[in-house]
Structure formats: structure tokens, C-alpha cells
Amino acid sequence: MKGYDDRRGPSAAHMETERVLDAFDEVDTGRHRDTAEERAVKIARLKAAVNSGRYEPDVMDIARLLTSAMDPTL
């Protein structure tokens, strides 16, 4: 309806969603993001292994490649 103003406030579903998202923010996964320097060292080590022919992909490498093929933002 034109001019209708809903003043009921947030719904229960909205409040529960916010509560769950807040709880996710508080979880400590124990993982850390690599610094730029750490990433550079890992990439250099990987490039050296590929160039020398010693590189053998593991399950995680294959999973990352498959995931990035589905989502190019990864």
C-alpha cells in the first residue's frame, strides 16, 4: 500500500540471523592469514619445485584448483 509505514521493528528471523552472524564473528578458528612476506616465500618455493620438476600436487592443491575453476575470485 502506498504510504504504509511498518513500525513493528525487526522480525524474529532477522534478529536470529544477526545473533548467528555475531557468533560467527567471535569464533577463533586458530588459522592465521599469511603476511605478504610469507606468501612470497611460499610462492618462490613452489616455483622452484615446479621448475626443477620435483613438484607433485597433493589433494589440497587439486581441491584448490577445482574450487578456483568454479569461483574465479579465489
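What you see is a predicted model; the values in this text were computed from it and never measured.
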Got a list of side-chain donor-acceptor pairs under 3.5 Å for residues 53-63, not counting sequence neighbours?
residue, atom, partner, partner atom, Å
Arg54, NE, Ser52, OG, 2.8
Tyr55, OH, Asp61, OD2, 3.0
Asp58, OD1, Met60, N, 3.3
Asp58, OD1, Asp61, N, 2.9
Asp61, OD1, Arg64, NH1, 3.4
Asp61, OD2, Asp58, N, 3.2

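- In this structure, Lys47 has no side-chain hydrogen bond (donor to acceptor under 3.5 Å, both in side chains) partners at least two apart in sequence or on a different chain.
- Remark: Arg45 engages Val41, Lys42 in a side-chain contact (heavy atoms from CB on, under 4.5 Å) (not counting sequence neighbours).
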